[in-house]
Amino acid sequence: MAIDTVPPLINAQLTYLITHSPFPVKVEQMWSGSKNPRLLDRFTLVIPYCLDYIRWDVIYNAMYPLAAPDVIFGPDDESFQPYFGGNEKSSKNGLADWNSKDPARLLALILELRAAYVAYQRRRIGEVDDERLKFEISTLVSREGIEMYMSSINDKPEEVKFAVPLLDIDLNKLVAGSTWRHPQKIRLQVIFPVGKKYSTPPAPRLKLISSAELKALYSIEDFKLPSWLQGMCTAEYLIIVEEMLESQIKNAVSSIETRRKLIMALAPIFGRPIEADPVFCRKATFLASSGVFTFLVHFSLSLQFPKQPPAIILQSSQHFNSYGVPIKSPNLIEYPWSPRWEPSKMADRIFDFLVDESLNFKKYCGQLIQ
């Protein structure tokens, strides 16, 4: 059976886009527009924007692979025409001097169009007849990286979303040895209703959102947004949120060393770990034995450590279920613990607990394979 393929020149540009984009771009679907239905020359890109996604169709022609692609924007963006006008600025764009043999050209085009889309949304929102919105924009205009989006119903503005980057620090550099591919960000989403009259303007809808990978260091779910006071504007609110966030992020970074100290304290008792997370110190695995019974001890340290004790799972090296999978214990979190203990005492008490628990686990394994 024939296999669907992407023409080499198109594939090179798409691969470069996915691997080198400064923000995560996904391909939602691919299809063929050529006479040969096996040649996939069209696809939908899912591009992050304003803490949501926009979808653009990129249309190549497999019969003419040297030609520049067409880009079709979403149904709500019919008025977005970045290269319309015929002036000098619009004629010098990513499509005008297309080079199909340069794998970086598609990425450059998407970055150019996305930047134009940011300006397009700002322009649309700036034209809305809403005094509160105009004031909010005037207080935020000096901040870099703000994205805006206006949603409408029946061609009438309904609400405006702001995605505001927080903390003027490079989060990637806070953690030594981190392998984060994309810049880690924390943003505040602020949503204002527009086109409505209120005697007292309501507070906007607020939500704090972070890059997915940042959860290894800090959980946004643990952050409680402060109350929005009557008469407050976004610029005032951001100062409060950033002060709270900066303090908590610093604590999160320092807690890495706290977790590292426990893993180091376990080593003299259990031996060197056979696996460990050297960056965030969230996990470690040791090989242990009780008589002739050998087993692995998996430690998982949460972001709430040392308030929460490490979760422990025992895994037998000698017992397997009917599928050939090593038998494991349930998650063990109920054992003597105090966050005020020194790491060495924590390690000693864990060892004392596992001396007895390993016997129970051995018995448990024996019962399962009978």
Side-chain angles (χ1 to χ4, degrees), residues 175-180 210 212-223 248 251-370:
V175 182
S178 70
T179 56
W180 289 326
S210 73
E213 293 175 307
L214 192 63
K215 293 179 180 179
L217 171 68
Y218 176 75
S219 175
I220 286 297
E221 286 73 20
D222 295 333
F223 185 89
Q248 294 190 21
N251 290 338
V253 173
S254 64
S255 69
I256 295 176
E257 189 60 28
T258 304
R259 296 192 293 269
R260 191 189 310 277
K261 288 180 179 178
L262 174 62
I263 294 174
M264 293 174 65
L266 291 168
I269 301 174
F270 291 93
R272 290 187 61 182
I274 60 175
E275 279 188 353
D277 169 12
V279 178
F280 301 103
C281 301
R282 297 283 304 276
K283 294 183 178 181
T285 297
F286 296 84
L287 181 64
S289 63
S290 176
V292 296
F293 176 49
T294 58
F295 55 96
L296 299 176
V297 186
H298 301 288
F299 291 93
S300 179
L301 286 73
S302 74
L303 295 177
Q304 284 71 45
F305 177 86
K307 291 181 180 179
Q308 292 181 359
I312 302 173
I313 294 179
L314 307 182
Q315 176 182 321
S316 175
S317 302
Q318 302 165 212
H319 302 84
F320 304 85
N321 63 21
S322 58
Y323 298 100
V325 178
I327 295 176
K328 294 182 179 180
S329 73
N331 224 12
L332 304 173
I333 55 174
E334 298 292 338
Y335 53 86
W337 182 261
S338 171
R340 292 180 293 276
W341 289 340
E342 291 295 319
S344 58
K345 185 173 182 179
M346 292 177 178
D348 287 337
R349 298 301 294 268
I350 288 173
F351 179 78
D352 293 342
F353 167 73
L354 290 180
V355 168
D356 294 330
E357 190 60 34
S358 63
L359 298 177
N360 297 331
F361 179 57
K362 180 181 179 181
K363 182 178 179 181
Y364 170 76
C365 292
Q367 292 173 342
L368 284 183
I369 63 174
Q370 285 181 354

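Residue numbers run from 1 in the order of the sequence given.
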Taking all atoms of both residues into account, what is the closest heavy-atom pair of [X] and [Y], and its distance?
X      : Y      : value
Cys365 : Ser316 : SG-CB, 3.9 Å
Phe280 : Val175 : CE2-CG1, 3.8 Å
Gln318 : Thr294 : OE1-N, 2.7 Å
Trp337 : Pro306 : NE1-O, 3.0 Å
Leu332 : Tyr335 : O-CE2, 3.7 Å
Phe299 : Pro310 : CD2-CB, 4.2 Å

Interatomic spacing from [atom1] in [X] to [atom2] in [Y] - rounded to 0.5 Å:
X      : Y      : atom1 : atom2 : value
Ser338 : Lys345 : OG    : NZ    : 7.5 Å
Ser329 : Leu296 : OG    : CG    : 11.0 Å
Phe223 : Ile220 : CZ    : CD1   : 7.5 Å
Ile263 : Thr258 : CD1   : OG1   : 11.5 Å
Lys307 : Ser302 : NZ    : OG    : 10.5 Å
Leu217 : Arg282 : CG    : CZ    : 9.0 Å

Exercise for the section: Evaluate whether atom CD of Gln304 has more than 12 neighbouring non-hydrogen atoms of other residues, nucleotides or ligands under 6.0 angstrom away. Expected result: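 Enclosed.
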Handout entry: Phe351 atom CZ, over 12 foreign heavy atoms within 6.0 Å
Key =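 Atom CZ in Phe351 is not packed in, count stays at 12 or less.
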Problem - salt bridge (Lys or Arg N to Asp or Glu O under 4.0 Å), paired with Glu257, selected from Arg260, Lys261, Arg259 - result: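 Testing Glu257 for a salt bridge (Lys or Arg N to Asp or Glu O under 4.0 Å) against Arg260, Lys261, Arg259 leaves exactly one candidate, Arg260.
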Under a 4.5 Å cut-off applied to non-hydrogen side-chain atoms, are [X] and [Y] in contact?
X      : Y      : result
Met346 : Phe305 : yes
Leu368 : Asn321 : no
Ile256 : Val279 : no
Ile313 : Phe361 : no
Phe295 : Leu287 : no
Pro273 : Thr285 : no
Ile312 : His298 : no

Exercise for the section: Test Tyr364 against Ile327 for side-chain contact (heavy atoms from CB on, under 4.5 Å), laying out the working first. Expected result: CA-CA 9 Å; Tyr364 170 76; Ile327 295 176; 4.0 Å; yes
Practice task
State yes or no: are the ring centers of His319 and Phe293 separated by less than 6.0 Å?
Solution key: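 Under 6.0 Å, so yes.
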Practice task
Would you please say whether a donor-acceptor pair under 3.5 Å links the side chains of Gln248 and Asp222?
Solution key: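 Side-chain D/A pair, Gln248 to Asp222: absent.
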Problem - Side-chain H-bond candidate by donor/acceptor type, Glu342 with Ser344, under 3.5 Å - result: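 The answer is no; no qualifying pair exists.
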Exercise for the section: Test Leu354 against every option in Val297, Leu359, Ile269 by the side-chain contact (heavy atoms from CB on, under 4.5 Å) rule and name the one that passes. Expected result: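 That would be Val297; it is the only one of Val297, Leu359, Ile269 passing the side-chain contact (heavy atoms from CB on, under 4.5 Å) with Leu354.
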Practice task
Check the pair Leu314 / Glu357 against side-chain contact (heavy atoms from CB on, under 4.5 Å), numbers first and verdict last.
Solution key: CA-CA 9 Å; Leu314 307 182; Glu357 190 60 34; 4.2 Å; yes
Exercise for the section: Would you please classify the geometry between the Phe286 ring and the Phe270 ring as parallel, tilted or perpendicular, with 30° and 60° separating the classes? Expected result: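 Because their plane-to-plane angle lies in the 30° to 60° range, the rings of Phe270 and Phe286 count as tilted.
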